[in-house]
Peer 1: 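Here's a structure for you.
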Amino acid sequence: MTTVVDIRRLRVDLDERTVLHDVDLRVDEGEVVCLLGANGSGKSTLVRAAVGLVPAAAGEISLFGRSLRTFRDFSRLGYVPQRANAASGVPATVREVVTSGRLARRRVFRPLTRADRAAVDDAIALVGLRDRAGDPVSSLSGGQQQRTLIARAAAAEPDMLVLDEPNAGVDQRSQEAFARALRTFVASGRTLLLVLHDMGPLASLVDRGVVLDNGRVVHDGALATAPATVAPGGVPDHHDDEHETGMFG
Amino acid sequence: MSLLDYDFMQRALIAALLTGLAAPAVGTYLVQRRLALMGDGIGHVALTGVAVGLLTGWAPVWTSVVVAVAGALAIETVRAHGRASADVALAMLFYGGIAGGVLLTGLAGSTAATLNTYLFGSITTVSAADLWVVAILAVVVVVLAVGLAPQLFAVCQDEEFAKVNGLPVRLYSALIAVMAAVTVTVAMRTVGLLLVSALMVVPVATAQQLTRGFRTTFTLALILGVVPSLSGVVFSYYVNVAPGAGIVVLALAGFVVAWPLGTVVRRWRQRRRPPAPADDPRVTGVHVPTEVHPHQHDEQCGHPAVEHDDHTDYLHDGHLHAAHGRHYDEH
């Protein structure tokens, strides 16, 4: 099994304040790892450092066996930022935003290839937004916008997805929708690194939890709490339905 | 005698066409980035560049390109560092640009009337040499704005995401700033330095009243930039008024028409939207049997197996299939 994320003795300073102290984090291929912790514990900073958005003051970060400084295989990494407003000053359709996820695989002054279009279609279908593909992102709900950003990351066909608080301020239905999308993603043997405040419907996916407190890792391993709990009115379960017609019966 | 028989009118109309294309092309990215006033700032700074030209006797087109690019890069650097004092720093840069321009023009012994032709445009002053410079710069700006559209869109839409995707974000940001500076110089003789920002912003604002996507907004903004630019220059031929004023008033009139029209169009689209979303099991969790399935999923079938709570799903062509009685469900 190969190591996808390998972070050793990482220290990060923001505005001259140390927010991560000597943090180690390993994520293996195919694992679903969830970073947990209170607000300000440093969990978002840790993933932002891992994808290169925040500079490391000390320590070593490698992705897919390469140091982050020389890492160039950007299409293997899909990043979903936290609460990013998917809308900007000019309207953009869901399809246009998702298409920008292909850029790590595209070269300048080249049109979209058939493979690009197919990957974009698949990513939009994965998050269940096919009927909204031509609509402006700004007309979608917060949850649908978050799903658009997940599709954008998935469009690169990455080997690892990094999601920063995908559940924050998102309706239950959208949380379930991308829990399903992510389960499909993980099913193909790919890796998931999540920052979560509250696991919600994603709990059943998570293999391992890393808990941060005040910039230090205080727990790394299976999560003690039973992960299968689902909020009331949660995932509709159709496995109890008694009406069984049987397609081949 | 028709207005096209005059050489100066031919040159003014070509300059207006190029300006009408380049300004909204760059403006779309500036508006997307919420930097609508950047063009304004560059215009102020470029005035000092014009004055340097008047003082030294060098062509003002070139001196203003150099000064405007330097100013644009300074603005971009301050923006990218996002310091709290950036706001005030930019304001001082703009004041310095105007004051420096007026001061140097005075030293050069030029009159306020000369300065006015740069501030609000002037159809009779586009020389043949100027036109070549303007044409080359405008074509470069439009080609870059269209050719690099996927990259520039991504950088303006979400800078951090673009960075994680390996795009040289600072380079593209600097490129947008330089393109804006070049456009200001291109537009100097047509709409003028004080009103160029309007031609970058107003067509985009008008277009997005009616559009839903980036590409359609971009295309419509170019059309909405060209029409007022040409009309404004023609208007200026018949009525002795600086072309910049006519162009901007026409562009704003377009916005005033498009605004209520956009409201009607949006309402109409809302009513036409299909009410119920498709029953994608991954979204709704409803019971969807798969189509007739050719084989039984098991450990040997070659489809990856996934444990899901109390049962096993099989990954099949991007879908998860779960055994349910005698058929498979889409999961």
Side-chain angles (χ1 to χ4, degrees), chain A residues 51-53 72 74-75 77 79 81 84 86 88-93 95-97 99-104 106 108-109 112 122 125-128 130-132 134-136 139 149 152-153 156 173 176-177 180-181 183-184 186-189 204 228 235-239 241 244 246-249, chain B residues 28-36 147-148 150-151 153-154 156-158 160-167 204 208 211-218 273-274 277-278 280-287 289-290 292-293 304 306 308-311 313 315 318-320 322 324-327 329 331:
Chain A
V51 299
L53 287 174
R72 287 291 172 275
F74 298 105
S75 63
L77 176 64
Y79 173 63
S88 68
V90 172
T93 63
R95 171 171 292 278
E96 284 171 333
V97 171
T99 303
S100 69
R102 287 297 288 178
L103 278 172
R106 293 176 65 189
V108 290
F109 294 112
L112 282 172
D122 288 350
L126 178 75
V127 297
R130 211 177 326 201
D131 56 326
R132 302 300 299 270
D135 288 348
S139 73
L149 298 183
R152 179 178 68 173
R173 192 182 136 99
E176 286 154 18
R180 288 164 200 279
R183 206 151 47 74
T184 311
V186 172
S188 49
S204 63
V235 184
D237 188 359
H238 58 263
H239 294 276
D241 48 358
E244 175 57 58
M247 287 188 77
F248 314 114
Chain B
T28 309
Y29 296 111
L30 294 181
V31 173
Q32 193 193 6
R33 247 187 159 180
R34 305 192 193 279
L35 289 175
L148 291 174
Q151 285 76 18
F153 170 82
C156 295
Q157 182 79 15
D158 186 340
E160 294 202 333
F161 179 79
K163 198 173 173 202
V164 174
N165 265 270
L167 292 182
V204 182
Q208 58 174 276
T211 56
R212 301 197 290 171
F214 183 82
R215 191 201 284 252
T216 44
T217 306
F218 185 91
R273 176 172 297 158
D280 189 322
R282 290 168 295 188
V283 181
T284 59
V286 294
H287 181 198
T290 59
V292 177
H293 207 277
V306 197
H308 179 201
D309 299 346
D310 56 346
H311 63 278
D313 288 343
L315 184 66
H319 306 263
L320 287 174
H324 187 195
R326 293 168 120 174
H327 64 269
D329 283 353
H331 264 205

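Order of the sequence lines fixes the chain letters, A, B, ..., with proteins taken first and strands second; residue numbering starts at 1 for each chain.
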Peer 1: Give the member of B/V164, B/V31, B/T211 that has the highest number of heavy-atom pairs under 4.5 Å with chain A.
Peer 2: B/V164

Peer 1: Roughly how far, to the nearest 0.5 Å, is the CZ atom of B/F153 from the CD atom of A/E96?
Peer 2: 5.5 Å

Peer 1: B/D158 and A/P81: which non-hydrogen atoms are nearest, and at how many Å?
Peer 2: OD2-CG, 3.6 Å

Peer 1: With only heavy atoms counted, which part of A/R102 is less than 4.5 Å from chain B, the side chain, the backbone, both or neither?
Peer 2: neither

Peer 1: Pick from B/R33, B/R215, B/Q151: which one has the most heavy-atom pairs with chain A under 4.5 Å?
Peer 2: B/Q151

Peer 1: Sort out for me which of A/R72, A/R106, A/R132 touches chain B most, counting heavy-atom pairs under 4.5 Å.
Peer 2: A/R132

Peer 1: Any idea which of A/L77, A/V51, A/V108 has the most non-hydrogen atom pairs under 4.5 angstrom with chain B?
Peer 2: A/V108

Peer 1: Tell me, side chain or backbone of B/L148 under 4.5 Å from chain A's heavy atoms, or both, or neither?
Peer 2: both

Peer 1: Please check this pair: side chain of B/Q208 against backbone of A/G89, looking for a donor-acceptor N/O pair closer than 3.5 Å.
Peer 2: yes

Peer 1: With respect to chain B, which residue among A/L53, A/D135, A/T99 yields the maximal number of heavy-atom pairs within a distance under 4.5 Å?
Peer 2: A/L53

Peer 1: Closest approach of A/F74 and B/N165, non-hydrogen atoms and distance?
Peer 2: CB-O, 3.5 Å

Peer 1: I need the minimum non-hydrogen distance between A/S88 and B/Q157, along with the two atoms involved.
Peer 2: OG-OE1, 3.1 Å

Peer 1: Are B/T217 and A/P91 side-chain neighbours, meaning at least one heavy-atom pair lies under 4.5 Å?
Peer 2: yes

